[in-house]
Structure formats: structure tokens, C-alpha cells
Amino acid sequence: MKKITIAIDGYSSSGKSSMAKALAHSIGYRYIDSGAMYRAVTLYAMRNGMILPDGSVDVNALINDLPEINVDFKIEDGRQITLLNGENVEMEIRQLPVSNNVSLVAAIPAVRHYLVERQQAFGRDKGIVMDGRDIGTTVFPDAELKIFVNASAETRALRRVKELSEKGQQVSYEEVLANVVKRDHIDETREESPLRRANDAIDLDNSSMTVDQQNEWLMNLYNSRVN
Ligand code: CDP
């Protein structure tokens, strides 16, 4: 069967990673979480004092270090984990301190160029499902299947609270909702490849869908594209 490229974009905590992962697993494709790459670079900036006391980013220092920041993935116990210069940072990049800084780091054009190049290299041979904000517009504008996922901010915040609490992190709904809304705003209004639906993307509002229902919806769509 021919291999295609699948781009899944959408708002934060919209469930796109779960559906992307499930599809990749079912059809034997590689899954790449582009958000994890922005999160790993953000963690690097935080650890190296590049988030300044006023909350802004020391852009020049970060750009200077970019060639030394290697973000990669590996499978461990059947789960994909994110590596920052070889270190497993999977847990740390999902926590709120990183979530609170990531959209500012992701708005820096040089950071985007650096990571987009890496993402395109991951997808060179097709057979890939990648999720993010600009996959269908900038990373793989020629992707054969593009999905744009949305759900209400409240639904997304509830899902994220549940997901974090399942991982043992207790956070308040209000705090998460504020983070989701703020990131949406920064992601949509930045100059460099903002969060935007590709013209040829298929919309999915999964506010009232179960995980199984959305996985089935995506699988059917995939089958209709490759058969
Ligand atoms: O998991 P969640 O939906 O909260 O976000 P994520 O996919 O882990 O992405 C974290 C952040 O990285 C987003 O809020 C964006 O600011 C940025 N991002 C981006 O700018 N472009 C991408 N392709 C992926 C993520």
C-alpha cells in the first residue's frame, strides 16, 4: 500500500496527540509529536537561564545555542519518549512550568526554522503522522491527509487536568484553562507560521466524541484516502 504523510493540527489539548498516536500505531507509521520538540527547546532555555525574570526569552542566547540542542525520540516500554541531548525529558516537558513558557519560545522564527527542518527530515520517507500547529501549512504543505482538530476551551482544559492527574500531577482547572487560552492566543497571533487551518484540511470538533469514536473517524478517513 502506498505510504502517505498525515498532518494533524489543532488547538492545545484538543486530543490530537492521542488520535495521531493511535492511528500511527494501527497502520504502522512513525508518529512525531512536534509540540514535544518545542517543549524540549523550552526546557533547555529554562534550565540555562534564558527565560528572563520579566518572563521574556533571551532570544540571542537561545539562537546561539540552537546548534547544540538536539531533540530526538525513542521508544521505551512501548511508549515514545522525548530526548533532549540524550536525556529522557518526557515527564518534565509536560509539566505546567514548560507549558507556561513554550508558546513564547515557539514564536521565535529561528527556533521554528531549526525545528521545522528537523521535522521535515523525519518525514522524508513518508509513512508518518505528525501533530502540531503548522504541520499542514508549513512543515508538510503537500501532506495527503490533513486534519484540523478543535474542541471548546473548557473541554480541552478538563481533558488536560484529567491527563495530568493520571500522571500524578495535581493542577487546578482554572490554572490549566488560563494556560490553554493564553497559548491559543499566542499561537494564533504570532507572525511566524501561526496556528491556522490549512485550506485543504478536514475539520474535526471532538468536543462530544469519545476517544474510540475519534480514532474510528480518523481510521475511516485514512482508509478512504489510501484505498
Ligand atoms: O499538548 P498541547 O496541545 O498542550 O501542546 P503541544 O502540542 O505539546 O505544543 C506545545 C506548544 O508548542 C504549543 O502551544 C505551541 O506554542 C507550540 N507548537 C508550535 O508552535 N508548533 C507546533 N508544530 C507544535 C507546537
Side-chain angles (χ1 to χ4, degrees), residues 5-21 31-46 51 57 71 73 80-82 84 89-120 122-123 128-141 143 146-153 155-164 166-167 169 171 175-198 201 204 206 214:
T5 301
I6 303 173
I8 304 190
D9 288 303
Y11 288 86
S12 66
S13 319
S14 57
K16 52 189 188 325
S17 302
S18 322
M19 68 193 278
K21 233 179 270 172
Y31 163 67
I32 296 288
D33 175 353
S34 68
M37 301 174 79
Y38 289 96
R39 286 174 178 272
V41 171
T42 303
L43 180 63
Y44 180 96
M46 290 165 68
I51 306 293
V57 185
V71 184
F73 298 97
Q80 180 163 293
I81 59 168
T82 309
L84 170 60
V89 291
E90 184 58 33
M91 284 286 273
E92 211 172 339
I93 60 169
R94 306 293 167 191
Q95 294 174 359
L96 262 184
V98 171
S99 299
N100 283 331
N101 289 308
V102 64
S103 288
L104 281 182
V105 171
I108 301 168
V111 170
R112 302 203 70 80
H113 294 164
Y114 180 68
L115 291 183
V116 166
E117 218 168 84
R118 185 103 179 87
Q119 290 153 7
Q120 287 171 335
F122 278 130
I128 191 166
V129 185
M130 192 175 292
D131 76 337
R133 302 291 188 287
D134 60 340
I135 312 305
T137 52
T138 303
V139 181
F140 300 127
K146 300 180 185 179
I147 318 284
F148 193 80
V149 193
N150 200 1
S152 72
T155 305
R156 292 185 281 127
L158 277 176
R159 286 181 185 153
R160 183 51 53 97
V161 170
K162 185 163 168 267
E163 185 185 325
L164 289 173
E166 282 165 5
K167 289 182 183 163
Q169 296 173 40
V171 286
E175 194 180 6
V176 172
L177 180 63
N179 175 260
V180 160
V181 171
K182 184 168 168 216
R183 275 198 290 141
D184 287 351
H185 178 72
I186 301 177
D187 292 346
E188 279 178 315
T189 54
R190 69 171 172 238
E191 287 205 2
E192 181 81 17
S193 51
L195 168 63
R196 192 169 55 74
R197 175 189 177 286
L204 172 69
N206 62 7
Q214 73 173 19

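Every value quoted in this text rests on a predicted model; they were computed, and no experiment measured them. We count ligands from 1, going down the list as the structure has it; atoms in each ligand are counted the same way.
- A salt bridge is defined here as a Lys NZ or Arg NE, NH1 or NH2 lying under 4.0 Å from an Asp or Glu carboxylate O, and Asp9 with Arg133 fails to meet this definition.
- Panel note: side chain Ser34, backbone Asp131; a donor-acceptor pair is recorded below 3.5 Å.
- One finds the CE atom of Met91 at 12.0 Å from the CD1 atom of Ile81 (value rounded to the nearest 0.5 Å).
- Asn206 and Arg159 are linked by a side-chain donor-acceptor pair at a separation below 3.5 angstrom, with hydrogens and angles left out of the test.
- Judged by distance alone, the side chains of Arg112 and Ser193 do bring a donor and an acceptor atom under 3.5 Å apart.
- Residue-level contacts of ligand 1 at the 4.0 Å heavy-atom threshold are Ser12, Ser13, Lys16, Ser34, Gly35, Tyr38, Arg39, Val102, Ser103, Ala106, Arg112, Gly132, Arg133, Asp134, Ile135, Arg160, Arg183, Asp187, Arg190.
- Comment: Asp33 does not engage Lys21 in a salt bridge, judged by the lack of any side-chain N to carboxylate O separation of less than 4.0 angstrom.
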